[in-house]
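Every number for a ligand or one of its atoms is a count from 1 in the order of the listing.
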Amino acid sequence: MGIWTVEKLETKLIGYRRHLHAHPELSGEEHETTKTIRKWLRDDGIRLADYPLKTGVVAEIGGLRGGPVIAIRADIDALPVQEETELPFASQSPGIMHACGHDVHTAILLGAAQLLKERESELEGTVRLLFQPNEEKAKGAGQVIQSGALEGVSAVFGLHNKPDLPVGTIGIKAGPLMAAADGFAIHVEGRGSHAAVPEASIDAIVASAHIITALQSVVSRNVSSLDSAVVSVTKLNSGTAWNVIADKADLEGTLRTFREDVRAKVRQRFEQVVTGVGAALGALSSVRWISGPPAVVNDPLWAERSIRTARSLGLTVVEPAPSPAGEDFAFYLEKTPGIFFFLGTAGPEEWHHPKFDADEAALPIGASFFAALAVDAIAALKEEREGGAIRARSARSVGETVAGGGWGDA
Ligand SMILES: [Zn+2]
Ligand SMILES: [Zn+2]
């Protein structure tokens, strides 16, 4: 299988991407984007599926003769960033920009839809297209799952553009690819006093300073050198005047981890340090966690299969270094095995930068790879089912889909 009808697709996908790029919408507010995607899908004769989502679109291709259901996802939201690219199709909404390239992802999924539609009669299963809202706030995947759109799905696939990989390169890695991204808020309660009478105070700033310093040892003294974690305190608010000792302080920051056991241990040690160090200085301190998505953990079997598909299209496959950024695709992978991969887009800047951009030559490549992955995944699932093979899959994968009868027409 080569890269299908790419030339004629490229112009169309560039048009989609530029329109989306010029009209970005923030997470959870993708109303016009939703309407536009629905219109484009309808124009291509692709059937829309009815799931209760305020924003975002679900559509389906195939399934005419039953068979397994697989899902491909693209996120559609933009960021509160003022664009500085000076591109002719730059954002027309001040302060909002597709600075993470989700416009690219959406155009790619639309392209994959079109390629799969051309082969719909040959498809021996259903491809469910998830145009997911609200990724940047890590809420959209949960909303899609809540809507029921992941039900019956045996494998799920998603991508992220990667500015530091060349076009024509795919980054695929079994196991952890992106980090669990938790936020924290620490409150330190002391007692205020005149700055000249410290003995009457419990100084919240001094306590915070000790807490911040002690937190630097949470990773270095508790996490194996073979694992990794990041603790960053990014915000500290305290004090009112030069001659008043602060009675309270509020700190914020983030914790990034790639494994659940490391995540749990770091959170536990973190809390002990905050409350213990605070108490040693007489202050009452507490931690509130803002739990983000878990780590993106790719299924080894689907990683292997995806690498085969990429090579069959003549693409270069590399094993990327894991990214400490978070990605709510992790919520799908908690429920259904699959792959989240990187697509080389040779951009000038990293994600979320005001001059972020992507090489549009990657659009038809992403679309072809998604489409080929869908076809190959359906074939692999059918073969598994017909062979009745029960594989010893990773413990957290969904055994029932492998054991047979996992989809509707069994
Ligand atoms: Zn982002
Ligand atoms: Zn993103």
Side-chain angles (χ1 to χ4, degrees), residues 16-17 20-21 23-30 33 37 55-56 72-85 91 93 95-110 130-144 156-165 170-173 176-183 230 232 234 254 256 290 292-298 320-333 338-360 362-363 366 369-370:
Y16 287 157
R17 186 257 166 159
L20 295 165
H21 193 88
H23 303 94
E25 290 176 298
L26 292 173
S27 308
E29 297 170 20
E30 312 90 338
T33 307
I37 294 168
T55 52
I72 327 179
R73 172 270 214 175
D75 39 15
I76 66 171
D77 54 332
L79 284 159
V81 170
Q82 178 61 46
E83 181 157 355
E84 293 174 12
T85 62
S91 169
S93 305
I96 307 179
M97 178 191 175
H98 267 296
C100 204
H102 297 184
D103 52 338
V104 171
H105 304 170
T106 305
I108 285 173
L109 186 53
L110 287 160
L130 309 175
F131 293 89
Q132 182 208 300
N134 219 344
E135 193 285 325
E136 294 290 357
K137 289 188 178 166
K139 289 189 182 139
Q143 290 163 347
V144 168
V156 62
F157 304 98
L159 64 74
H160 209 290
N161 69 81
K162 199 77 170 69
D164 59 352
L165 288 181
I170 305 272
I172 302 177
K173 182 185 172 299
L177 180 71
M178 297 182 77
D182 294 317
V230 179
S232 290
T234 57
T254 186
R256 304 293 163 113
I290 302 111
V296 170
V297 182
N298 284 326
S323 162
E327 170 49 74
D328 79 354
F329 193 82
F331 289 116
Y332 301 118
L333 291 176
I339 281 291
F340 191 72
F341 61 90
F342 292 142
L343 175 77
T345 46
E349 297 293 345
E350 263 305 322
W351 302 329
H352 296 201
H353 192 280
K355 290 188 171 141
F356 175 91
D357 193 13
D359 186 334
E360 289 170 334
L363 295 170
F369 183 52
F370 254 165

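- A donor-acceptor pair shorter than 3.5 Å cannot be found between the side chains of Gln132 and Asp77.
- Among heteroatoms of the N, O or S kind in His160, NE2 lies nearest the Zn ion (ligand 2).
- When distances from the Zn ion (ligand 2) to the N, O or S atoms of His102 are compared, NE2 comes out shortest.
- Of all N/O/S atoms in Glu136, OE2 sits nearest the Zn ion (ligand 1).
- Between His160 and Trp351, the two ring planes are tilted [angle within 30° to 60°].
- For the 3.5 Å distance criterion, the side chains of His353 and Glu84 fail to qualify, holding no donor opposite an acceptor.
- Thr55 and Glu30 share a side-chain donor-acceptor pair at under 3.5 Å.
- Glu135 lies apart from the Zn ion (ligand 1) in this respect, since none of its N, O or S atoms is found at a distance under 2.8 Å.
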